[in-house]
Amino acid sequence: MTEERPRVASRPWACYCPAMPKLLQDQTALVTGASSGIGFAVAEALAEAGASVVVNYVSHGEDAERLAAGIREAGGRALAAKADVSDEGEVQRLFRDAIAQFGTIDILFANAGLQRDAAFAEMTLADWRKVIDVNLTGQFLCCREGVREFRRRGPRPQVSKALGKIVCMSSVHEVIPWAGHVNYAASKGGIMLMMKSLAQEVAQHRIRVNAIAPGAIRTPINRVAWETPEAEAELLRLIPYGRIGEPQDVAKAALWLASDESDYVTGTTLFVDGGMTLYPAFREGG
């Protein structure tokens, strides 16, 4: 299941450029939660790099279909596929459909996630479970199916040095505590150690597993934090680099981690946060 959030307009499809290096030519990527925000931008970037893309969604299906159609119109290959990542049966069906369409999967970008914020004493068990089920269990289910498919299919050295690549969507809140968002922070902390433990286990099979931890990114889910000048100024106090991130900042990192350019990188979290994890309040001595 993806974040429940407003729709996001696509970039113009003129962004496809034949001269771009096709780092992912003849590979297939599955991007969960790709109907808006970061997932949408990542699916675009992977398609531009030559990958066939499975655009997963659970809501805003029209945006996922529009993205897939745009990729196809630009000469790429894409499939929009609905599935709730917290449901084991739906995840298995998603992978079966993707493999039936494209033959295999080489890259998994496990992005789907949501928030259900509340003060700890008022947080309901339902809200705790929902966030853990989607953000953490959903990644477990997708990563498990990805590993199974990589090992079933075997190596394809003509397209990738690795047997398969997994990129997990984490957050700066895998390391920064976040009062009022205990369920979300717990899910991201869990993703961090799940990713590292999985990377340790499957590296011998030449499967690379990494994570991206964004800071403040300009997406609809956090619109309240940047849509007014006052809110943006307050947010920028937490970002030493002096700007809010864009979905394309994360997409570029995802492309690198999915490509052979990062072939010796596994078990690491790449922070894309403008320095938010540098604890900027201590610049003046705390």
Side-chain angles (χ1 to χ4, degrees), residues 2-17 20-24 27-74 76-81 85 107-115 135 139 142 165-172 210-223 225-227 239 241 243-259 261-262 269-274:
T2 53
E3 298 163 345
E4 296 176 332
R5 53 202 175 186
R7 286 174 274 176
V8 178
S10 168
R11 289 187 289 155
W13 288 107
C15 66
Y16 278 90
C17 176
M20 287 183 65
K22 301 295 186 181
L23 293 175
L24 305 180
Q27 299 186 52
T28 297
L30 192 162
V31 182
T32 67
S35 61
S36 67
I38 290 172
F40 195 106
V42 168
E44 284 187 318
L46 301 186
E48 289 169 13
S52 302
V53 180
V54 181
V55 181
N56 164 251
Y57 68 95
V58 75
S59 60
H60 304 312
E62 64 277 17
D63 291 325
E65 294 285 358
R66 177 168 51 84
L67 172 57
I71 292 170
R72 292 191 295 267
E73 289 167 9
R77 303 171 73 206
L79 169 71
V85 300
I107 301 155
L108 168 65
F109 186 74
N111 167 72
L114 50 74
Q115 292 178 217
N135 295 11
Q139 292 208 19
C142 291
K165 288 76 62 91
I166 295 174
V167 182
C168 298
M169 175 54 68
S170 187
S171 163
V172 292
N210 293 289
I212 295 175
I217 305 296
R218 200 183 304 272
T219 64
I221 196 173
N222 59 13
R223 183 182 300 277
W226 52 261
E227 68 179 345
I239 308 172
Y241 200 61
R243 72 170 176 88
I244 299 172
E246 303 295 340
Q248 288 73 28
D249 291 313
V250 180
K252 291 170 185 175
L255 173 58
W256 182 70
L257 287 173
S259 76
E261 299 298 304
S262 61
T269 297
L270 177 56
F271 287 85
V272 182
D273 68 348

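With rounding to the nearest 0.5 angstrom, the CG atom of Leu24 is 10.5 Å from the OG atom of Ser52. Expressed to the nearest 0.5 Å, how far SG of Cys168 lies from CG of Asn135 amounts to 12.0 Å. Considering CD1 of Ile107 and CG of Leu30, their distance stands at 10.5 Å, rounded to 0.5 Å. Put simply, CG on Leu23 and CD on Glu48 are 11.5 Å apart, with the number rounded to the nearest 0.5 Å.
Proximity of a side-chain donor or acceptor of Lys252 to a complementary backbone N or O of Pro247 within less than 3.5 Å is not detected. Judged by distance alone, the side chain of Asn111 and the main-chain N or O of Gly33 form a donor-acceptor pair under 3.5 Å. Panel note: side chain Gln27, backbone Gly50; no donor-acceptor pair is recorded below 3.5 Å.
Taking 4.5 Å as the limit, every side-chain heavy atom of Asn210 sits out of range of all side-chain heavy atoms of Leu270. With a 4.5 Å cut-off on side-chain heavy atoms, Ser259 and Lys165 do not count as touching. Counting heavy atoms from C-beta outward, Gln139 and Thr32 have side chains that stay 4.5 Å or more apart. With a 4.5 Å cut-off on side-chain heavy atoms, Ser35 and Val55 do not count as touching. Under the 4.5 Å side-chain criterion, counting only non-hydrogen atoms from C-beta, Val31 is not in contact with Asn56. Side-chain contact between Ser36 and Asp63 is absent, with no heavy-atom pair separated by less than 4.5 Å.
When all heavy atoms of Ile38 and Pro214 are compared, the pair lying nearest together is CD1-CG, 4.2 Å. Phe40 and Arg66 get closest at one heavy-atom pair: CZ-NH1, 4.3 Å. A pairwise comparison of heavy atoms in Ala81 and Val54 identifies CB-CG1, 4.1 Å as the closest pair. Here the closest non-hydrogen pair linking Arg72 and Ala78 is NH1-O, 2.8 Å. Shortest non-hydrogen contact noted between Gly215 and Val172 is CA-CG1, 3.6 Å. Across all their heavy atoms, Ala216 and Ile244 have their closest contact at O-CG2, 3.5 Å.
Residues satisfying the side-chain hydrogen bond (donor to acceptor under 3.5 Å, both in side chains) criterion with Thr269, sequence neighbours excluded, are Glu174. Take Val167 and apply the side-chain contact (heavy atoms from CB on, under 4.5 Å) test, not counting sequence neighbours, and it matches Phe109, Ile212, Leu257. Shown here are the side-chain hydrogen bond (donor to acceptor under 3.5 Å, both in side chains) partners of Glu246, two or more places apart in sequence or in another chain: Arg218. Every residue meeting the side-chain contact (heavy atoms from CB on, under 4.5 Å) condition with Ala80, not counting sequence neighbours, appears here in chain and number order: Tyr57, Ala64, Glu65, Ala68. Looking at residues two or more places apart in sequence or on another chain, you find a side-chain hydrogen bond (donor to acceptor under 3.5 Å, both in side chains) between Arg243 and Asp249. Applying the side-chain hydrogen bond (donor to acceptor under 3.5 Å, both in side chains) rule to Asp273 yields the partners Thr277; only residues at least two apart in sequence or on another chain are considered.
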